[in-house]
J.: 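Structure in structure tokens, see below.
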Amino acid sequence: MTEAAALPGQPRGGVLSGPATARAVNVLAPNPSAMTLDGTNTWIISEPDSPLAVVVDPGPLDDAHLSRVIETAAKAGKRVALTLLTHGHPDHAEGAARFAELTRTHVRALDPALRLGEEGLAAGDVITTGGLEMRVVATPGHTADSLCFHLPADRAVLTGDTILGRGTTMVAHPDGRLGDYLDSLRRLRSLAVDDGVHTVLPGHGPVLEDAQGAVEFYLAHRANRLAQVETAVENGHTEAADVVAHVYADVDRSLWPAAELSVRAQLDYLREHGLI
């Protein structure tokens, strides 16, 4: 077993940009950071024999990156016909309006404020552009507007920030809610167990080859963190920043502001369930 295969979700090694499945190609945005990992994954999705493509998460407002996405599709003989958003965080969506201008496409998203065109997105919708079958899965929690896209023909799911290719994601309080996030993870586990999904195409980081393993790791991680937060509160650490210092001491301090958002979401969850 390789070192990568031993990690949660069995991350795929090698270059992040390029083909990931028969229908999915990644163009990595040049915006690496502690929060975005290697950068934002911009996904070009199309049927192999179709001249039309769908782009998921154009990424930041960076003309060079947006042009590279269009050129990558064009080199494969495809024209971008639709733009989709997994959620509205700027590293995924800031470039969407400019990308829509460049490609003359509509932008579909759950949040009406992010849409360009009359159509939005909702759970159960099926994207059929260019003969695709890509099903919309509601996965709130990281943010209220978070969506995933199930690609049945590739037994894959595009997860945005709901599941990352490396590490774990935050629940972005107050918009994100932990109870919703746990329900979303269980929904993704059902896709893996009941619908045969095995490949995770994340919004950041490498492709994962073991979707169920990734979801189980996330659920276990969340349960462990929640227990740690509950214990910290029982020991008198009631302020979110104080809880972060005790529970997230193993995390790089530059990430503590994000960790505090997750702690606030966890505290809300514990109060809602009468646990603190």
Side-chain angles (χ1 to χ4, degrees), residues 7-12 16 20-21 23-29 35-45 54-59 84-89 91-93 108-111 121 123-125 127 132-172 175-178 180-222 262:
L7 295 172
Q10 297 184 17
R12 186 183 297 174
L16 294 179
T21 68
R23 291 164 179 79
V25 174
N26 181 31
V27 182
L28 182 65
M35 292 297 293
T36 61
L37 305 182
D38 309 276
T40 300
N41 294 333
T42 294
W43 291 102
I44 303 171
I45 313 294
V54 174
V55 165
V56 178
D57 290 350
L84 305 178
L85 297 177
T86 61
H87 66 297
H89 279 167
D91 56 309
H92 294 258
R108 295 181 64 181
L110 179 61
D111 184 349
L121 290 171
D125 285 352
I127 308 301
L132 274 174
E133 181 185 349
M134 192 159 57
R135 303 171 186 169
V136 179
V137 182
T139 51
H142 170 66
T143 60
D145 69 331
S146 287
L147 298 171
C148 291
F149 300 103
H150 177 200
L151 193 56
D154 284 348
R155 298 172 64 190
V157 61
L158 292 91
T159 56
D161 282 355
T162 299
I163 292 180
L164 305 178
R166 186 170 66 250
T168 57
T169 195
M170 70 171 182
V171 177
D175 183 43
R177 295 176 56 83
L178 181 58
D180 291 342
Y181 186 64
L182 295 174
D183 287 343
S184 293
L185 290 176
R186 296 182 188 109
R187 198 167 296 122
L188 292 175
R189 179 171 59 188
S190 177
L191 280 182
V193 173
D194 300 331
D195 294 282
V197 167
H198 60 72
T199 302
V200 173
L201 306 175
H204 304 280
V207 171
L208 301 179
E209 306 283 9
D210 177 14
Q212 184 177 351
V215 174
E216 297 292 0
F217 171 77
Y218 267 61
L219 285 167
H221 171 79
R222 280 292 161 202
S262 275

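Computed over heavy atoms, backbone and side chain alike; hydrogens, waters and symmetry mates excluded.
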J.: Looking only at heavy atoms, what is the nearest atom pair of Trp43 and Pro202, with distance?
T.: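 Closest pair (atom of Trp43, atom of Pro202, distance): NE1-O, 3.0 Å.
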
J.: State, to 0.1 Å, how close Arg12 and Ala20 come at their nearest heavy-atom pair, and which atoms those are.
T.: NH1-O, 2.8 Å

J.: Which residue is it: Asp161, Asp38, Thr169, Thr159? I am looking for the one with a side-chain hydrogen bond (donor to acceptor under 3.5 Å, both in side chains) to His204.
T.: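 The single option meeting the side-chain hydrogen bond (donor to acceptor under 3.5 Å, both in side chains) with His204 is Asp161.
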
J.: If you define the side chain from C-beta out and look only at heavy atoms, does anything of Asn41 sit under 4.5 Å from Leu28?
T.: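 Contact flag for Asn41/Leu28 side chains = yes.
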
J.: Could you pull out the closest heavy-atom pair between Phe149 and Leu85, with the gap in Å?
T.: CZ-O, 3.8 Å

J.: Which heavy atom of Val56 sits nearest to which heavy atom of Ile45, and what is that distance?
T.: CG2-CG1, 4.3 Å

J.: Begin with the C-alpha distance, continue with both residues' side-chain angles, and end with the deciding distance and a verdict on side-chain contact (heavy atoms from CB on, under 4.5 Å) for Ile163 and Leu185.
T.: CA-CA 8 Å; Ile163 292 180; Leu185 290 176; 4.1 Å; yes

J.: Among all residues two or more places apart in sequence or in another chain, which pass the side-chain contact (heavy atoms from CB on, under 4.5 Å) test with Asp154?
T.: Thr21, Ala22, Arg23, Leu151, Ala156

J.: Would you check if Val193 and Gln212 make a side-chain contact, meaning some heavy-atom pair closer than 4.5 Å?
T.: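 Heavy-atom side-chain distance check passes, below 4.5 Å.
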
J.: Please evaluate residues Leu84 and Ile127 with respect to the criterion side-chain contact (heavy atoms from CB on, under 4.5 Å), reporting the C-alpha separation (whole Å), side-chain torsions for both, the decisive distance (0.1 Å), and the verdict.
T.: CA-CA 10 Å; Leu84 305 178; Ile127 308 301; 4.0 Å; yes

J.: So, Thr86 versus Asp57: side-chain donor-acceptor pair below 3.5 Å or not?
T.: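 Yes - a donor-acceptor pair under 3.5 Å links their side chains.
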
J.: With side-chain contact (heavy atoms from CB on, under 4.5 Å) as the criterion, how do Thr199 and Glu209 come out once you've worked through the C-alpha distance, each side chain's angles and the decisive distance to 0.1 Å?
T.: CA-CA 5 Å; Thr199 302; Glu209 306 283 9; 4.1 Å; yes

J.: Between Pro140 and Arg187, which heavy-atom pair has the shortest distance, and what is it?
T.: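 Taking Pro140 first and Arg187 second, the nearest heavy atoms are CD-NH1, 4.2 Å.
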
J.: Starting at CG of Leu219, measure out to CZ of Arg186 and round the result to the nearest 0.5 Å.
T.: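 The CZ atom of Arg186 is 6.5 Å from CG of Leu219, to the nearest 0.5 Å.
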
J.: With heavy-atom distances below 4.5 Å as the criterion, would you say the side chains of Thr40 and Pro58 are in contact?
T.: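 Answer no - side chains too far apart.
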
J.: Going by distance alone, is a donor N or O of one side chain under 3.5 Å from an acceptor N or O of the other, for His150 and Asp195?
T.: no

J.: Which pair of heavy atoms, one from Arg222 and one from Met170, lies closest together, and at what distance?
T.: NH2-CA, 3.9 Å

J.: Hey, are the side chains of Val137 and Val157 touching, using non-hydrogen atoms and a 4.5 Å cut-off?
T.: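 No, their side chains stay 4.5 Å or more apart.
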
J.: Taking the six-membered ring for Trp, are His142 and His89 parallel (under 30°), tilted (30 to 60°) or perpendicular (over 60°)?
T.: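 Perpendicular.
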
J.: Mind checking what makes side-chain contact (heavy atoms from CB on, under 4.5 Å) contact with Thr168, not counting sequence neighbours?
T.: Phe217, Tyr218, His221

J.: Please check: side-chain N/O of Asp175 versus main-chain N/O of Ala144, any donor-acceptor pairing under 3.5 Å?
T.: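 Pair found, side chain donor or acceptor close to backbone of Ala144.
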
J.: Pro11 versus Arg166: any side-chain heavy-atom pair under 4.5 Å?
T.: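 Not touching, per the 4.5 Å side-chain cut-off.
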
J.: Quick check for you: to the nearest 0.5 Å, what is the distance between Cys148 atom SG and Met134 atom CE?
T.: 11.5 Å

J.: So do the side chains of Asp91 and Met35 get within less than 4.5 Å of each other, counting heavy atoms only?
T.: no

